[in-house]
Amino acid sequence: DAGVTQSPTHLIKTRGQQVTLRCSPKSGHDTVSWYQQALGQGPQFIFQYYEEEERQRGNFPDRFSGHQFPNYSSELNVNALLLGDSALYLCASSLDPRGQGYFGPGTRLTVT
Amino acid sequence: SQQGEEDPQALSIQEGENATMNCSYKTSINNLQWYRQNSGRGLVHLILIRSNEREKHSGRLRVTLDTSKKSSSLLITASRAADTASYFCATNNFNKFYFGSGTKLNVKP
């Protein structure tokens with residue numbers, strides 16, 4: 001059984017560009033959450049998707065948006081990239097919104 | 001901030017010793033979870049304790065939760081070099097998850 005997968009592994013973008021990150025949840029999981037982890041910090045909650053809708057959102061600007069597809073996979077989109085968006089982006093899936101989160105390996109985004 | 005905060009920020013012990021990490025948080029929670037992270041990679045779930053539970057064990061791990069003090073502790077017994085990692089607590093407050101900045105544990109062989 002494959003765990004949570006994320007793509008790409010690494011990404012380098014230029015300030016002002018847009019980026020899309022992808023996540024496939026663990027088999028049978030219908031809830032996907034996204035996190036941003038800056039170097040040396042703990043993960044920061046961006047938002048959570050359940051039944052194809054954004055259910056909860058952390059303190060992130062509208063430049064951060066997402067989508068969940070009928071197969072429960074998810075995308076994170078970031079527009080107008082800033083240098084401060086450089087971070088490890090983690091996706092976590094769970095059986096229900098309150099459950100144990102299973103994390104993917106993350107996507108390392110570097111904005112230059 | 002609603003984040004959990006771990007204490008200490010860093011901990012260095014010898015193999016075989018016990019390691020204790022603490023977590024404090026500010027809001028009411030549904031549950032609290034502990035995770036391990038090796039060198040900036042994905043997080044590995046260790047244990048989940050619900051708000052109506054006071055203690056939970058899993059192998060060499062023991063977690064306590066005191067909701068009146070809004071605090072939790074993670075005890076790793078008989079530590080091994082492979083336990084070297086960053087440890088995070090995450091609070092779940094109505095489906096919003098908040099992580100602290102973690103405890104860096106170094107277990108010396």
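These numbers come from a predicted model, not from an experiment. Within every chain, numbering begins at 1; the chains are lettered A, B, ... in the order of the sequence lines, protein sequences first and strands thereafter.
- Residue-level contacts of residues 46-58 of chain A with chain B, in order of numbering, are A:Gln48, A:Gln56, A:Arg57; threshold 4.5 Å between heavy atoms.
- Rounded to the nearest 0.5 Å, atoms CG (B:Leu43) and OH (A:Tyr102) are 14.0 Å apart.
- Residue A:Phe60 is not grouped with residue A:Phe45 when hydrophobic side chains (ILVMFWY) are merged at heavy-atom distances under 4.5 angstrom, including chains of intermediate members.
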Between A:Leu90 and B:Arg41, does a side-chain contact (heavy atoms from CB on, under 4.5 Å) hold up when you go through it step by step? CA-CA 9 Å; A:Leu90 295 162; B:Arg41 303 174 74 173; over 6 Å; no
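- Under the 4.5 Å side-chain heavy-atom criterion for grouping Ile, Leu, Val, Met, Phe, Trp and Tyr, B:Tyr87 is connected to B:Leu32 within one hydrophobic cluster.
- Summarising the local packing, CZ of B:Arg60 is surrounded by more than 12 heavy atoms from other residues, nucleotides or ligands at distances under 6.0 Å.
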- Query: For A:Tyr35 and B:Phe99, what are the C-alpha separation, side-chain angles and deciding distance, and is it a ring pair (Phe, Tyr, Trp, His ring centres under 6.0 Å)?
  - Reply: CA-CA 10 Å; A:Tyr35 297 83; B:Phe99 285 80; 5.5 Å; yes
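- Near-neighbour residues of residues 78-87 of chain A relative to chain B, defined by a heavy atom under 4.5 Å from a heavy atom of that chain, are none.
- Identified under the salt bridge (charged side-chain N to carboxylate O under 4.0 Å, His left out) test for residues 98-109 of chain B, with sequence neighbours left out: none.
- At a threshold of 4.5 Å between side-chain heavy atoms, the hydrophobic network of Ile, Leu, Val, Met, Phe, Trp and Tyr places A:Val111 and A:Phe64 in one connected group.
- Heavy-atom pairs under 4.5 Å with chain B were tallied for A:Gly101, A:Ser33, A:Gly104, A:Gly106; the largest tally goes to A:Gly101.
- Note on B:Val63: it clusters hydrophobically with B:Leu65, by side-chain heavy-atom contacts below 4.5 Å among ILVMFWY residues.
- Residues A:Gln44 and B:Phe97 have side chains not in contact (no heavy-atom distance under 4.5 Å, counting atoms from C-beta outward).
- The minimum heavy-atom distance between B:Phe88 and A:Gly42, with the atom names listed, is CE2-CA, 3.4 Å.
- Using cut-offs of 30° and 60° on the angle between ring planes, the pair A:Phe103 and B:Tyr35 is perpendicular.
- Proximity to chain A at a heavy-atom threshold of 4.5 Å picks out B:Leu48 from residues 47-56 of chain B, in numerical order.
- Taken together through direct or relayed side-chain contacts under 4.5 Å among Ile, Leu, Val, Met, Phe, Trp and Tyr, B:Tyr25 and B:Leu74 form part of one hydrophobic cluster.
- Few gaps surround CG on A:Asn71; more than 12 heavy atoms of other groups in view lie less than 6.0 Å from it.
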